[in-house]
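Down below is the structure, laid out as structure tokens.
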There are 2 protein chains.
Amino acid sequence: MGAQPAKSYPVPSVRRLPLYLRLLRQLNAQGRDAVSCTYIAEDLGLGTVQVRKDLAMTGIVGRPKVGYPVPALIDAIESFLGWDHATVALLVGVGGLGSAILGYEDFKSHGLNIVVAFDVDPMKIGRRVHGKDVLPMEALAERAAQIRALVGIVTVPAAAAQEVTGQLVRAGIRAIWNFSPVNLEVPDSVVVQNVRFVDSLAVLSQRLNQILTPD
Amino acid sequence: MGAQPAKSYPVPSVRRLPLYLRLLRQLNAQGRDAVSCTYIAEDLGLGTVQVRKDLAMTGIVGRPKVGYPVPALIDAIESFLGWDHATVALLVGVGGLGSAILGYEDFKSHGLNIVVAFDVDPMKIGRRVHGKDVLPMEALAERAAQIRALVGIVTVPAAAAQEVTGQLVRAGIRAIWNFSPVNLEVPDSVVVQNVRFVDSLAVLSQRLNQILTPD
DNA sequence: TAGATTGTTAATCGATTAACAATC
DNA sequence: TAGATTGTTAATCGATTAACAATC
């Protein structure tokens, strides 16, 4: 008895799963029913052992000489990530990035169903963006409960991010996908995943610097 | 003689630099002229040794008992990343995400100057988006040379990403910031940095799954 | 001086890769 | 059967963390 160790998987491996999934869906569409690690590794520029380890994480079992069954592997990855069912999400902050995310059709095939958006701007409230209603912040708590939203997407300016996060947490949201540069404070019962463009830009800049100054 | 080993820095450390920079700029605006690792680590939720190692990478030297001089540390980070001068960038693919990036003012304070955009859509060509001209793809090579663009931002649909990348490489671009899900092929002389939303979503989904199913 | 803080060397931890046994 | 491929255990590599010496 007591709290389970809550088996944790390597983040780098989890991050690679969508890469596999994309390739596998292509292969599936082409009617291929089996694929080997060698093939996947070759195509994605990874090591064969790494691919095997990553895939093993999802519970899939391959067959020597044959490889992995494509449809079963797709199912295994989707089920491991919870992408076999749609998770209800809402978005706060209908600026440029928020609007782009509302219009990004791909999330649907990745387990995320963005149902409604919220903003403080009276010019935006009442409109529909990519088919989704933009409601006032005051409606957040009630609507979130109504639709049983589990994920909150934060695309507000930095100054508003923590305040919005508090509202999301109080509204019963369990995961926050944060596109603002702020380090959000949340209770342990809520998960935060950050997407910070400038972090990625730093790596780009540093590597560009390096190839430009052969010093 | 011979090719230098080209000293490489840990990617995780480089990715953390914008986090430090953001805090330091805040402190600087408040007029603080020195800051300790303890303070930084506390504020960002990191370890003090990690902060020291990361900052040491930029060449900054601190003073025991005092800490680091804030303005000098900002300069050190900016110069390490090449953010002390604007790097000229162009963007290809003026869809939702592309437009959002064109309007994202923050990149200017992170060394990136997005000068012009390109698209294939006749409805978009000739327009201005967030003050930037949208030109036809045919104009890419000439304009890229004219403005001496070093960075190409790829925000086109997956199907077009590799083709566009080829055009960018031929136009003399040295770094590609790729927002498409495709693994781009480029020569060794060109750097690619990927931003893939669904990779981040995978981590979010898996962690959400984990807190929802206490199993 | 005493003590806070930096800088560095050594130990730990976790992910990747290599070696090899198992199996269809 | 032979050989390709999976699955796993051990070795390596790199990043983080701990211990401690240096210094203002």
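Keep in mind that the numbers below use all heavy atoms, side chains included, and drop hydrogens, waters and symmetry copies. Chain A is the first sequence line, chain B the second, and so forth, proteins listed ahead of strands; every chain is numbered from 1.
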Please, what dot-bracket string fits DNA chain C when only Watson-Crick and G-U pairs with both distances under 3.5 Å count, crossing ones use [ ] and pairs to another strand use |? ..||||||||||||||||||||||
Distance in angstrom units between A/Met57 CE and C/dA15 C1', rounded: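 Distance, rounded to whole Å: 12 Å.
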Which residue pairs pass the salt bridge (Lys or Arg N to Asp or Glu O under 4.0 Å) test when at least one of the two sits in [range], sequence neighbours left out?
{"range": "residues 44-63 of chain B", "answer": "B/Arg16-B/Asp54"}
{"range": "residues 84-104 of chain A", "answer": "none"}
{"range": "residues 170-194 of chain B", "answer": "none"}

What pairs meet the side chain to side chain donor-acceptor pair (under 3.5 Å) rule with one or both residues in residues 31-45 of chain A, with sequence neighbours excluded? none
Write out all pairs satisfying side chain to side chain donor-acceptor pair (under 3.5 Å) with one or both partners inside residues 146-165 of chain B, taking only residues at least two apart or from two chains. B/Arg143-B/Gln146
Measuring only between side-chain heavy atoms, which start at C-beta, is B/Ile60 closer than 4.5 Å to B/Asp75? no
Can you build the contact string for nucleotides 16-24 of chain C? Use B for base contact, S for sugar-phosphate-only contact, and - for no protein heavy atom under 4.0 Å. SBB----BB
Which pairs, with at least one residue in [range] and sequence neighbours excluded, count as a ring-ring contact (aromatic ring centres under 6.0 Å, His included)?
{"range": "residues 43-75 of chain A", "value": "none"}
{"range": "residues 158-177 of chain B", "value": "B/Phe107-B/Trp177, B/Trp177-B/Phe179"}
{"range": "residues 7-29 of chain A", "value": "A/Tyr9-A/Phe80"}

If you take any heavy atom closer than 4.0 Å to DNA chain D, which residues from residues 39-46 of chain B end up in contact?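 Those residues whose heavy atoms fall under 4.0 Å from DNA chain D, taken from residues 39-46 of chain B, amount to none.
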A/Arg196: partners by salt bridge (charged side-chain N to carboxylate O under 4.0 Å, His left out), with sequence neighbours left out: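 A/Arg196: salt bridge (charged side-chain N to carboxylate O under 4.0 Å, His left out) contacts with A/Asp199.
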